[in-house]
There are 2 protein chains.
Amino acid sequence: MLEIQGLIQVLKAEGYRVTQPRKRVLEALALAQRPVSPYDIQKMLLQEGSYLNHVTIYRILDLFCLLNLAHRVSLVGGFVKCTLGAKEGCHRFMVCRQCGVLREFADKALCEEENEIAQDLGFHTERHFSEFSGLCSNCQV
Amino acid sequence: MLEIQGLIQVLKAEGYRVTQPRKRVLEALALAQRPVSPYDIQKMLLQEGSYLNHVTIYRILDLFCLLNLAHRVSLVGGFVKCTLGAKEGCHRFMVCRQCGVLREFADKALCEEENEIAQDLGFHTERHFSEFSGLCSNCQV
DNA sequence: GGCTTAATGCAACATTGTTGCATTAACGGA
DNA sequence: TCCGTTAATGCAACAATGTTGCATTAAGCC
Ligand SMILES: [Mn+2]
Ligand SMILES: [Mn+2]
Ligand SMILES: [Zn+2]
Ligand SMILES: [Zn+2]
């Protein structure tokens, strides 16, 4: 699995252990194309016959967010797997208000423009996070 | 009170009643310069001797968010009073990771650039929401 | 395979959020 | 200014979500 390889890289690089629960939570995030809650993940995994305590799932998601392997998307609620390189400090999402489809993207130019805007107000930007709500190509007309 | 006048305008315009609880929640939001939870608001109001049921506060915040009188800011957690015109579809925040200071802003050019980016991916944008994390002018050494 | 210790499981708890229905008060009209 | 209508609030009971401390397990290293 390609997903898992990336996980292993990041965890090892940061000195964390590559555990079964962590692999399973990542798989669940990858499988779910939309934001899911910790309890959603627990249910998903139960379907496949594997049980994880909810506390464990919370802790794993905390770690994933710390490592930018996942994000909590506020517009919709719930967590999503980060589909872009970790540690970028730029995490952006388009969410379709109709069907709920979510797509992550990044944009360097946007970051720079935002940095300038912030600078003008005396603010030094470190992390960029944005969410667009609208309609995906399928849901238009 | 200037705040309250705006509230009255918006509520009446949309056919909602101007109630004591709604006025009190807005005052609390205005008073708190940082994001506050529904229960935070309840505590704040208790200090001043007025009790509101938490269910009421939730419903009022739901309404305020619907009318863009308030926002839920995910980076920090909790609600803030919208300091800009409602109904813009563009709500952006800078949050200082050090002191928690939060400042709302809007930027038309940013919206247009974002619209284009989304367009290129087949997505039609309706609402722009973004959060920067960094350091405010005070907290930069 | 055994040791060390990070990670997980578990229990108990705390906080946050929701629903249905009775009661209250906003507000337009008499 | 009072009254009737009905939106909004309060209340109770519940559901979902999130947290902490400690016992147990298993990942990684030799
Ligand atoms: Mn990301
Ligand atoms: Mn706003
Ligand atoms: Zn869609
Ligand atoms: Zn600051």
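Letters A, B, ... mirror the listed sequences (proteins, then strands); counts begin at 1.
Counting only distance, with no hydrogens or angles, the side chain of B/Q140 and the backbone of A/G122 share a donor-acceptor pair below 3.5 Å. B/Q98 contributes no side-chain N or O that, together with a main-chain N or O of B/L135, makes up a donor-acceptor pair within less than 3.5 Å.
Residue A/K23 contributes atom NZ, which lies 15 Å from atom P of C/dA7 at whole-angstrom precision. The CG atom of A/L63 sits 15 Å away from the P atom of D/dT19 (whole-angstrom rounding). The distance between atom CG of B/L7 and atom C1' of D/dA8, rounded to the nearest whole Å, is 14 Å. For the pair B/I60 CD1 and D/dA7 P, the interatomic distance rounds to 17 Å; values are reported in whole Å. If you measure from atom CG of B/L11 to atom C1' of D/dT9, you get 15 Å, rounded to the nearest angstrom.
Taking each heavy atom of A/A32 and A/V36 in turn, the nearest pair found is CB-CG1, 3.7 Å.
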Contacts under 3.5 angstrom, residues 50-66 of chain A side chains, donor-acceptor by atom type, not counting sequence neighbours:
unit_1, atom_1, unit_2, atom_2, d
A/Y51, OH, A/N53, ND2, 3.3
A/N53, OD1, A/V55, N, 2.8

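Rounded to the nearest 0.5 angstrom, B/H71 NE2 and B/R92 CZ are separated by 11.5 Å. From B/D40, atom CG reaches atom CE of B/M44 across 8.0 Å, with rounding to the nearest 0.5 Å.
Side-chain contact between A/R24 and A/I41 is absent, with no heavy-atom pair separated by less than 4.5 Å. Counting heavy atoms from C-beta outward, B/L11 and B/L67 have side chains that approach closer than 4.5 Å.
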Readout for nucleotides 9-21 of chain C: B = base within 4.0 Å of protein heavy atom, S = sugar-phosphate only, - = neither; 5' to 3' it is BBB----BBBBB-
Under 3.5 Å, N/O pairs linking protein and nucleotides 28-30 of chain D:
unit_1, atom_1, unit_2, atom_2, d
D/dG28, OP1, A/V18, N, 2.8

